[in-house]
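Below: the structure, in structure tokens.
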Amino acid sequence: MKEAPKEDKVVLVLDDDTRLKGVVDRFDPNRARIDLREVDLTGHQVQRHDVDMKEVLVAFVVRDLAVWRSQPLSEEDILPTDDPVPMESGEAVRVTLRWGETMEGVIPDHDPRRPWFWFFPFASSSRAGNVERVYLTRRGVGRMEPARAR
């Protein structure tokens, strides 16, 4: 019996700072394109988006889309991008996204040569525990530093 693909609820932040939220079949950053099905609060599909992964700055994989606010980013929200400080795999880090949002968590498999990485935020810094994991590109990170002692 063939198993149905796992659906992930995601909020994407694109290069032009627009946000899309919806459902994808198993978010995979190694795909060239993803099919995002935008849904309303009742779970009904509103629109489909064929998204080029090269346009994605950040992808939040979340438990509940209704908790997430959708609003375009303003020029004041966007921080200048600094070169990130080198981090070791598994270290607790504080990531400030280019629009100023800050989260603390762990990067389990950090490779500074790769243009993207997975970030697992601590529940206390991820919008009340709604964010399961975050796909981050270097372009989406404003600053990265060791986290405060917990």
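What's counted below: heavy atoms across the whole structure, side chains too, no hydrogens, waters or symmetry copies. All values derive from a computational prediction rather than experimental measurement.
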Are [X] and [Y] packed together at the side-chain level, in the sense that at least one heavy-atom pair is separated by less than 4.5 angstrom?
X      : Y     : result
Phe119 : Val93 : yes
Val13  : Phe60 : yes
Glu132 : Arg63 : yes
Val11  : Leu20 : no
Arg37  : Glu7  : yes
Glu38  : Arg48 : no
Val56  : Leu14 : yes
Arg19  : Lys21 : no

Within 45° of the six-membered ring axis of Trp99 and under 6.0 Å from that ring's centre, is NZ or CZ of Arg143 located there?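 Ring-cation test returns no.
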
Specify the closest pair of heavy atoms between Gly140 and Leu57, including all atoms of both residues, with the distance to one decimal. N-CD2, 3.9 Å

Non-hydrogen atoms of Asp28 and Asn30 that approach each other most closely: OD1-N, 2.9 Å

Name the residue from Asp111, Asp109, Val141 that meets the side-chain contact (heavy atoms from CB on, under 4.5 Å) definition with Phe117.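 In the set Asp111, Asp109, Val141, the residue that makes a side-chain contact (heavy atoms from CB on, under 4.5 Å) with Phe117 is Val141.
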
Rounded to the nearest 0.5 Å, what separation is found between the [atom1] atom of [X] and the [atom2] atom of [Y]?
X      : Y      : atom1 : atom2 : result
Met144 : Leu136 : CE    : CG    : 8.5 Å
Met103 : Leu97  : CE    : CG    : 5.0 Å
Thr137 : Arg98  : OG1   : CZ    : 8.0 Å

Under the side chain to side chain contact (heavy atoms under 4.5 Å, CB included) rule, collect the residues that match up with Val24, sequence neighbours excluded.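 Asp8, Val10, Phe27, Ile34, Leu36.
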
Which is it for Tyr135 and Met53 under the side chain to side chain contact (heavy atoms under 4.5 Å, CB included) test, yes or no, and what are the steps along the way? CA-CA 11 Å; Tyr135 161 83; Met53 279 301 294; 3.8 Å; yes

Residues Val51, Leu12; criterion side chain to side chain contact (heavy atoms under 4.5 Å, CB included); working and verdict: CA-CA 10 Å; Val51 181; Leu12 304 179; 4.2 Å; yes

Donor-acceptor contact present, side-chain [X] to main-chain [Y], <3.5 Å:
X      : Y     : value
Arg31  : Arg33 : no
Lys9   : Leu65 : no
Arg133 : Val62 : no

Salt bridge between Lys54 and Asp15, side-chain N to carboxylate O under 4.0 Å?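 Asp15 and Lys54: not salt-bridged.
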
What orientation do Trp118 and Trp116 show, parallel under 30°, tilted 30 to 60°, or perpendicular over 60°? perpendicular

Can Asp25 and Lys6 be said to form a salt bridge (charged side-chain N to carboxylate O under 4.0 Å, His left out), step by step? CA-CA 6 Å; Asp25 292 331; Lys6 179 186 179 297; over 6 Å; no

